[in-house]
Amino acid sequence: KLTNVKSMQENCRYNGVPEPTADSVQAICHECFICCCFALCRRPPKLREISWLLFVFFSSDIEISRAQSPKAVDVLAKEIGLLTDEVEIYGQTKAKVRLSLLERLKDQPDGKYVLVAGITPTPLGEGKSTVTIGLVQALTAHLNINSFACLRQPSQGPTFGVKGGAAGGGYAQVIPMEEFNLHLTGDIHAITAANNLLAAAIDARILHENTQSDKALYNRLVPVVNGVRGFSAIQFARLRRLGISKTDPGTLTEEEINKFARLDIDPSTITWQRVVDTNDRFLRKITVGQANTEKGFVRQAQFDIAVASEIMAILALTTSLQDMKERLGKMVVANDKKGEPVTAEDLGVTGALAVLMKDAIKPTLMQTLEGTPVFVHAGPFANIAHGNSSVLADKIALKLVGEKGFVVTEAGFGADIGMEKFFNIKCRASGLVPSVVVLVATVRALKMHGGGPNVTAGAPLKKEYTEENLQLVADGCCNLQKQIQITQLFGVPVVVALNVFKTDSPAEIDLVCKIAKRSGAFDAVPCDHWSAGGRGAVKLAQAVERAANQKNGFKYLYMLDLKQEHCNKGFGNLPICMAKTHLSLSHQPERKGVPTGFILPISDVRASIGAGFIYPLVGTMSTMPGLPTRPCFYDIDLDPITEQVKGLF
């Protein structure tokens, strides 16, 4: 079957990618396009171009990822200036980077700091990760400017649930994408182990206190070992907090023994939950302690998804091993029966948690499809936590790119959630100042905000989204305008990146860019990095470079001395992390555009003291997603011969 040049040119124009000239080739065999794709080096230049276009149109993300052979990670490490003893190799394509690098480069000026945020998304997502990857590919591979992408590690919940992976897509993705999306270097597993060790310690301590006298409890907590009885380092820390200065276990009074040995945890106040990195709705409410061996200590509990753990938020915000250890110790897990907070330090588990997290604190080095460097590190949810990758990855990358380079990182969901938390929480923890915000929009999402029909994951898009409709686009730009205004409140220049889909008409694209510029954006640029890689984001990269040279009046939107509910427990002066839906500027997911006239319902106010923020719960927020009728795992498989993963996206 032959496809003539004219129809191919029309198809290229429709999809917004470069078209072959009429005299380049008279015909091409449509049925051998895969052969063409994998034998590009043996084709004439014009045929190579056509073959590449066909490959883009017909290949999945994982096929595109697999068609590129990544450079060895030790080669990549040398290219970006890492020393041999600063890298811990994990296979051929991943490596951990040691924090000692920060000391070596402490006098190196930082590069420019770019945040990629977005408008209020559809349930499908609008491509912030893809824009992030396309932008760094454009900067480094096409404009010869040092750059680094810093991304969150994806949870396996969405990977096997609805949303799929988070490596980007098309010709703007992290490779190998299956390694990025599955296990990586084990950081989430380390968080799961640490989180559940603490959960086990809480219930075990309550059991043992309920079934032992003060003397028996004390003798087991401070045993005689080889004829010597002594306090451990973490027990000395507890003694100091209790105001007990004695160092000999045999000299404590009965009252001091009682104070030291009993935490008196009130089971009804336990806030620390077990976690698992799987979407499992039936773990949202469970009962623990039903075995006879637990002596009737039964209570209701729940599982959260692993990335909702406070330990994940700590990993994302910590600045050193010592800082992480201190934050882990400060985590409040419950109150005692007098209403005083009980911490991980009180349970004596801080050191063990730090041991489990000692490798997870190191960022993981990977690469984009075009061989530019990427750090993948931490992945807190943006609706229930702060939704940003790690401070440490950003700090290391800013040193590596140098003064004229760029570090591009991503904030989860819309600018009203991930970006606001990036500024008010992450930037406070890091002390870093952003240079530019890239605000990602799509015609599809704008049509939804303009009154288009519901967008549902897994269901075909309605015709309103696949046919030109300038009125829907214009009406929906109110959400884009609001997100630009939010960005401007922080005093940072904003560049709008319009992530172009093949169904977007030139008139729709032009309309969005004009409205964005009129609304205060420094620039607005259509991008086709998905189909063209870094080449499709060159204009965006140039706009970002220009915006980074603008005057920057960055500021926080509130001071930390605001009176808060948790101040009377000694937990004042902490930033706020609103836990709310990402699908609306309001608390009601169905209200699109820019809803007004609503009262924000706060169902509870909780504290992540180790992470360092207070989080009010807006309406009903679930910390454990569920599986849909047809999850992604139906399409995921393993070829037993080649050992290649299939069906990831």
Side-chain angles (χ1 to χ4, degrees), residues 120-125 152-166 188 191-192 195-196 199 268-288 299-313 316 333 378-388 411-414 416-418 420-421 454-458 576-592 595 598 600-608 611 613-633:
T120 305
T122 68
L124 307 177
R152 293 175 293 168
Q153 180 185 356
S155 164
Q156 289 179 185
T159 299
F160 290 98
V162 176
K163 187 174 179 290
I188 293 180
I191 289 165
T192 301
N195 185 100
N196 292 345
S268 68
T269 67
I270 295 173
T271 56
W272 194 263
Q273 309 296 347
R274 290 166 173 82
V275 300
V276 63
D277 198 32
T278 303
N279 288 4
D280 191 344
R281 66 177 68 247
F282 283 90
L283 295 179
R284 289 171 179 169
K285 183 176 286 188
I286 61 170
T287 303
V288 297
R299 70 179 182 89
Q300 275 199 349
Q302 68 184 59
F303 270 78
D304 295 338
I305 192 137
V307 291
S309 171
E310 185 176 352
I311 297 176
M312 174 61 89
V333 301
F381 270 14
N383 49 2
I384 52 181
H386 67 289
N388 306 135
F413 299 134
D416 58 307
I417 299 186
E420 182 274 328
K421 295 173 182 178
N454 288 339
V455 176
T456 305
I576 304 297
C577 183
M578 300 298 286
K580 66 175 287 291
T581 179
H582 60 287
L583 296 174
S584 174
L585 289 167
S586 74
H587 61 287
Q588 298 167 302
E590 69 277 6
R591 298 190 66 177
K592 306 302 182 183
F598 59 89
L600 201 66
I602 305 299
S603 58
D604 196 5
V605 179
R606 299 177 185 172
S608 290
F613 53 74
I614 304 295
Y615 62 104
L617 299 179
V618 181
T620 302
M621 286 298 303
S622 174
T623 51
M624 170 56 80
L627 289 172
T629 303
R630 193 186 191 284
C632 298
F633 62 64

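Model, not experiment: these values are computed from the prediction.
Note: Gln300 CD to Ile270 CD1 = 12.5 Å, rounded to the nearest 0.5 Å. Once rounded to the nearest 0.5 Å, the distance linking CD1 of Ile602 with NZ of Lys580 reads 10.5 Å. Here Ile576 contributes atom CD1 and Glu420 contributes atom CD; the two are 9.5 Å apart, rounded to the nearest 0.5 Å. Here the CD1-CG distance, from Ile286 to Asp280, works out to 10.0 Å after rounding to the nearest 0.5 Å. From Thr581, atom OG1 reaches atom CZ of Arg591 across 13.0 Å, with rounding to the nearest 0.5 Å. Note that the SG atom of Cys577 and the OH atom of Tyr615 stand 9.0 Å from one another [nearest 0.5 Å].
Using modelled atom types, no side-chain atom of Lys421 and backbone atom of Asp416 make a donor-acceptor pair closer than 3.5 Å. Between the side chain of Thr120 and the main chain of Gly414, no donor-acceptor pair closer than 3.5 Å is present. Counting only distance, with no hydrogens or angles, the side chain of Lys285 and the backbone of Phe282 share no donor-acceptor pair below 3.5 Å. Side-chain atoms of Thr271 come within 3.5 Å of backbone atoms of Val333 as a donor-acceptor pair (strictly under, hydrogens ignored). Proximity of a side-chain donor or acceptor of Asp277 to a complementary backbone N or O of Gln156 within less than 3.5 Å is detected. At least one donor-acceptor pair closer than 3.5 Å links the side chain of Ser603 to the backbone N or O of Leu617. A side-chain donor-acceptor contact under 3.5 Å links Ser586 to the backbone of Gln588. Using modelled atom types, no side-chain atom of Gln273 and backbone atom of Ala301 make a donor-acceptor pair closer than 3.5 Å.
Contact check for Pro625 versus Ile305: side-chain heavy atoms found under the 4.5 Å cut-off. Side-chain contact between His582 and Pro121: present, with at least one pair of heavy atoms (C-beta onward) separated by less than 4.5 Å. Contact check for Met312 versus Ile188: side-chain heavy atoms found under the 4.5 Å cut-off. Looking at heavy atoms from C-beta onward, Arg281 lies out of side-chain contact with Met624 at the 4.5 angstrom threshold. Put simply, the side chain of Trp272 reaches to within 4.5 Å of the side chain of Ser309, judged on heavy atoms. Residues Pro631 and Phe160 form no side-chain contact, since every pair of their non-hydrogen atoms from C-beta on lies 4.5 Å or further apart. Looking at heavy atoms from C-beta onward, Leu600 lies in side-chain contact with Met578 at the 4.5 angstrom threshold. Counting heavy atoms from C-beta outward, Arg284 and Phe303 have side chains that stay 4.5 Å or more apart.
Minimum heavy-atom separation, Asn388 to Gly418: ND2-O, 3.6 Å. Between Pro158 and Cys632, the closest heavy-atom pair is O-SG, 4.3 Å. Minimum interatomic distance between Ala313 and His386 (heavy atoms only, all atoms of both residues): O-CE1, 3.8 Å. Across all non-hydrogen atoms, the minimal contact from Leu627 to Gly161 is CD2-CA, 3.9 Å. The two residues Ala385 and Pro380 come nearest to each other via the heavy atoms CB-CB, 3.9 Å. In plain terms, the two heavy atoms of Ala199 and Arg274 that are nearest each other are CB-CG, 3.5 Å.
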Margin query: Before you tell me yes or no, could you show the steps for Thr287 and Arg299 under side-chain contact (heavy atoms from CB on, under 4.5 Å), namely the whole-Å CA-CA distance, both residues' side-chain angles and the distance that decides it to 0.1 Å?
Written below: CA-CA 6 Å; Thr287 303; Arg299 70 179 182 89; over 6 Å; no
Next item on the list: Kindly indicate, with the supporting measurements, whether the criterion side-chain contact (heavy atoms from CB on, under 4.5 Å) is fulfilled by Leu583 and Lys592.
Entry: CA-CA 8 Å; Leu583 296 174; Lys592 306 302 182 183; 3.8 Å; yes
Next item on the list: For Gln302 and Thr623, run side-chain contact (heavy atoms from CB on, under 4.5 Å): C-alpha distance rounded to whole Å, both residues' side-chain angles, the deciding distance at 0.1 Å, then the answer.
Entry: CA-CA 10 Å; Gln302 68 184 59; Thr623 51; 3.4 Å; yes
